[in-house]
Amino acid sequence: MAEGTVDYYAMVEEAWQLSDTARDYVKNAGRDVDNVELWEKVFASSPLIDLERTRAEGGQPLQKIFFKNPYGLQYRADHKDWIPFRHGALDPAYLQAI
């Protein structure tokens, strides 16, 4: 990818990696893990997270985690997991046909 371009695919991959980290944490705990614990042990320390926006808009209990880029994670209660979502606009100048 050319220097100065935005790699949206990599941003989504980072979101999936953090989702996988949370899933692995729950699996390794071998018990029910609530979202407060996941926030403290997995999400809050990630450099991807926009802490202020997540605290302001993430919900109580926590349902959405906002990244500093246009992506984030949202909680699916029916699956008890976190999946990526897009919360910001993408710059069409950086979008290329695949």
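All residue numbers refer to positions in the sequence shown, counting from 1.
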Should we count CG of D32 as having more than 12 external heavy atoms under 6.0 Å?
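No, CG of D32 has 12 or fewer neighbouring heavy atoms, counting only those of other groups under 6.0 Å.
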Does S19 use its side chain to pair, donor to acceptor, with the backbone of A15 at less than 3.5 Å?
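Flag not set: sc S19 to bb A15 has no pair under 3.5 Å.
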Between [X] and [Y] (salt bridge meaning N to carboxylate O under 4.0 Å), is one present in this structure?
| X | Y | answer |
| --- | --- | --- |
| R23 | D20 | yes |
| D81 | R76 | yes |
| E37 | K41 | no |

Does K64 make a cation-pi contact with F85, if we ask for NZ or CZ under 6.0 Å from the ring centre and within 45° of the axis?
yes
Side chain to side chain contact (heavy atoms under 4.5 Å, CB included) assessment of W39 paired with I65:
CA-CA 9 Å; W39 172 255; I65 297 172; 4.3 Å; yes
At what distance, to the nearest 0.5 angstrom, does [atom1] of [X] lie from [atom2] of [Y]?
| X | Y | atom1 | atom2 | value |
| --- | --- | --- | --- | --- |
| E57 | E52 | CD | CD | 11.0 Å |
| L73 | W16 | CG | CH2 | 8.5 Å |
| Q60 | N35 | CD | CG | 10.5 Å |
| W82 | L38 | CH2 | CG | 7.5 Å |

Would you name the heavy atoms of [X] and [Y] that are closest together and state the gap between them?
| X | Y | result |
| --- | --- | --- |
| S46 | L18 | OG-CD2, 4.0 Å |
| T54 | F66 | OG1-N, 2.9 Å |
| G72 | F67 | CA-CD1, 3.7 Å |
| K80 | Y75 | CA-OH, 3.3 Å |

